A.B. asks: 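Following this message is one structure expressed as structure tokens.
Computed from a prediction, not measured in an experiment: that's the story for all the values here. Residue numbering restarts at 1 for every chain, and letters A, B, ... go by the order of the sequence lines.
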Number of protein chains: 2
Amino acid sequence: MTGSLHPPDTHPFVRKMESIALFPLSREERAALCALPMHVARFDAYQDIVREGDRPSRCFALLEGFVAAYKTTPSGKRQVMAYHVVGDVPDLQSLHLKVLDNSIATVSPSRIGFVEHDALRVLFREQPKLLEVFWRSTLIDAALVREWMLNIGRREAYTRLAHLFCELITRLDAVGLAPERTCAMPMTQPELADALGITPVHVNRTMRDLKAAGLVTVRGRRLTVEDWEGLKAAAEFDPAYLHLRSEDGAKLPTS
Amino acid sequence: MTGSLHPPDTHPFVRKMESIALFPLSREERAALCALPMHVARFDAYQDIVREGDRPSRCFALLEGFVAAYKTTPSGKRQVMAYHVVGDVPDLQSLHLKVLDNSIATVSPSRIGFVEHDALRVLFREQPKLLEVFWRSTLIDAALVREWMLNIGRREAYTRLAHLFCELITRLDAVGLAPERTCAMPMTQPELADALGITPVHVNRTMRDLKAAGLVTVRGRRLTVEDWEGLKAAAEFDPAYLHLRSEDGAKLPTS
DNA sequence: CGGAAATTTGATTCAGATCAAAATCAGTGG
DNA sequence: CCACTGATTTTGATCTGAATCAAATTTCCG
């Protein structure tokens, strides 16, 4: 609504899909993506965009900001399943699952573009190869959740937090938002606690340990990796599960 | 290879897809599913069918038995991401993700039907609506992992185990394998430990508590629910995340 | 400058881990 | 049918990573 129109190649949504596709998008495909009718809205931080139990008739793309997919226990405990970065379509699943099984909330002020399911169905009819890209996108999201589950189920807090930082940096780098291994990190410590399956107090202590080890620094909602190799080692981080194509493995070299 | 040919309506694979589809399958669609060229093989318990890092050119359907999708930490800790029941296609994701990000192993002796990716692509070209069913199937798998993650991240051992039992019974019931709320449960306690993110010793103690509470009994690889309402309550179990259609919510009534 | 939120630190407790050993069970072959 | 063997399951004793409770600090904004 406000702000500039994105030329096709910098439209965050298109950019993301290009980063996911296993083949280069044709001009027509890119144009079709850009032409998707999208209703743009802004959200403050900590607002639910969709809620568990909703039966949405549209999806949304994250154009700016951060959102978290989460579920809660009847007793009110909260578990973040995944963070989503610019370009993601966090509730794409709603296209084939009638009722949402998780909520999605903003973590920082965000710009959201809503797209009707019907518009996507038309898109897929017109550009069948894009369907594969979107399907692939949901599969990658699932892969992230699986790695996260290994993290929560089988690693101790220190490793978990390191792993989360590695993932954030790598994913943001893939869309150009983590130059020099530094990135926005709007999550508060209680937020991180919900993502890691631990308590806020323990997040604080774990963070202190990561800083003390010289791996990262955090100042003013911004994360900076001071020792990438050390952080990766502490995190047991192997980016294969992110299913990024080619270069990103190389872009963050091993030595 | 041995055994009877399944008539279309009892072929476990077709049955599963019918249980997932949001619309009744046409005769042609069912026939096309049955006609999928499938290479059938048998596996003993505790065999890897596919391994993390593989680049498969085929998927497999579970025709008989149980399999577990899992990942491991470099230090050898193992986390089961999901159990799969008869009719599932546990590595359907490999259709669009080149390299597998988890391994899948048998939990009990199993019969497996391998299907070439190309055969699926042909199927989808011929029967486009089946593509949606398969996509939906991968989305449901993802939903199960999310619920499992809430389980592991935010519930204590007792609740976790109860939840796992509820899920097993409900899913097996959906394919006719849990009459009277009793079902095969071939997982050993160390296996369950890997699924719940706890230790085998603690599984044993937690199981003892569930039995002592009169909720379940286990004898000879078979789980029997003695108090379904009690178990559901202990588990905070709400089957919505399974995305079963209609009746199954009703089939296991609340009172 | 003031007030609310977020971070940090300390003291104590607990769910679950770890270590170790017994008891039970399931096959297997004689 | 039983004795033997290895795999499970069960029980006990002890330890620890993370939770809980509580109280400062610091940071962020209007």
A.B. asks: Think Asn204(A) has a side-chain N or O under 4.0 angstrom from the OP1 or OP2 of dT7(C)?
C.D. replies: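 Looking at the OP1 and OP2 atoms of dT7(C), neither is under 4.0 Å from any side-chain N or O of Asn204(A).
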A.B. asks: Rounded off to whole Å, could you give me the CZ-to-P distance for the Arg222(A) and dT27(D) pair?
C.D. replies: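 It is 19 Å, rounded to the nearest whole Å.
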A.B. asks: By nearest heavy atom, map Gly220(A) and Ala157(A) onto DNA chain D; which one lands nearer the 5' end?
C.D. replies: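 Its nearest nucleotide lies further toward 5', so the answer is Ala157(A).
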A.B. asks: Over how many whole Å does the gap from Leu196(A) atom CG to dA19(D) atom P extend?
C.D. replies: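 In whole Å, dA19(D) P and Leu196(A) CG are 10 Å from each other.
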A.B. asks: Taking the inter-plane angle between the rings of His163(B) and Phe237(B) on a 0 to 90° scale, is it parallel (under 30°), tilted (30 to 60°) or perpendicular (over 60°)?
C.D. replies: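 Ring orientation, 0 to 90° scale: perpendicular.
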A.B. asks: Grab the CD-P distance between Glu191(A) and dA5(C) for me, whole Å please.
C.D. replies: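 In whole Å, dA5(C) P lies 16 Å from Glu191(A) CD.
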A.B. asks: Ignoring hydrogens and angles, answer whether the base of dG17(D) and the side-chain atoms of Arg205(A) contain a donor-acceptor pair closer than 3.5 Å.
C.D. replies: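 Answer is no: no donor-acceptor pair is held.
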A.B. asks: Tell me whether the side-chain N/O atoms of Arg208(A) come closer than 4.0 Å to OP1 or OP2 in dT9(C).
C.D. replies: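 It does, given that an N or O in the side chain of Arg208(A) lies less than 4.0 Å from OP1 or OP2 of dT9(C).
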A.B. asks: Which nucleotide in the list dA18(D), dT18(C), dG16(C) gets nearest to the side chain of His202(B)?
C.D. replies: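 For His202(B), the side-chain atoms sit closest to dG16(C).
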A.B. asks: Can a side-chain donor-acceptor contact be found between Tyr241(A) and Glu167(A) if the only test is distance below 3.5 angstrom?
C.D. replies: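 Judged by distance alone, the side chains do pair up.
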A.B. asks: Identify whether any heavy atom of Lys211(B) sits under 4.0 Å from a base atom; if not, whether one sits that close to sugar-phosphate; answer base, sugar-phosphate or nothing.
C.D. replies: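 Sugar-phosphate, backbone atoms only, no base.
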A.B. asks: Pick the nucleotide of DNA chain D nearest each of Pro190(B) and Arg221(A); which residue has the one closer to the 5' end?
C.D. replies: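 The residue closer to the strand's 5' end, by nearest nucleotide, is Pro190(B).
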A.B. asks: Rounded to whole angstrom units, what separation is found between the CZ atom of Arg160(A) and the P atom of dG17(D)?
C.D. replies: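 Going from CZ in Arg160(A) over to P in dG17(D) covers 13 Å.
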A.B. asks: Side chain of Gln189(A) only, please: which of dT7(C), dT9(D), dA18(D) is the nearest?
C.D. replies: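 My answer, after comparing the listed nucleotides, is dT7(C).
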A.B. asks: Just how far, in rounded Å, is P of dT8(D) from CE of Met185(B)?
C.D. replies: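 About 13 Å, once rounded to whole Å.
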A.B. asks: Find the distance Tyr158(A):OH to dT16(D):C1' and express it as a whole number of Å.
C.D. replies: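 Answer to the nearest Å: 18 Å.
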A.B. asks: How is Thr188(A) classified with respect to the nucleic acid when contacts are heavy atoms under 4.0 Å: base, sugar-phosphate, or nothing?
C.D. replies: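 Touches sugar-phosphate only.
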A.B. asks: Roughly how many Å is it from CD1 in Ile152(B) to P in dA18(D), rounded to a whole number?
C.D. replies: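 From Ile152(B) CD1 to dA18(D) P: 15 Å.
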A.B. asks: Does some side-chain heavy atom of Phe66(B) sit less than 4.5 Å from a side-chain heavy atom of Val85(B)?
C.D. replies: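 Yes - at least one pair of side-chain heavy atoms lies under 4.5 Å apart.
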A.B. asks: Does dT27(D) have its OP1 or OP2 closer than 4.0 Å to a side-chain nitrogen or oxygen of Arg219(A)?
C.D. replies: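 False: Arg219(A) side-chain N/O out of range (4.0 Å or more) of dT27(D) OP1/OP2.
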A.B. asks: Answer yes when Arg51(B) and Asp54(B) have at least one side-chain N-carboxylate O distance shorter than 4.0 Å, and no when they do not.
C.D. replies: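 So Arg51(B) does not pair with Asp54(B) through a salt bridge.
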A.B. asks: Please report the distance, rounded to the nearest Å, between CD1 in Ile198(B) and C1' in dT16(D).
C.D. replies: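 About 17 Å, once rounded to whole Å.
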A.B. asks: Taking it one step at a time, do His84(A) and Tyr70(A) satisfy ring-ring contact (aromatic ring centres under 6.0 Å, His included)?
C.D. replies: CA-CA 11 Å; His84(A) 288 276; Tyr70(A) 70 93; over 10 Å; no
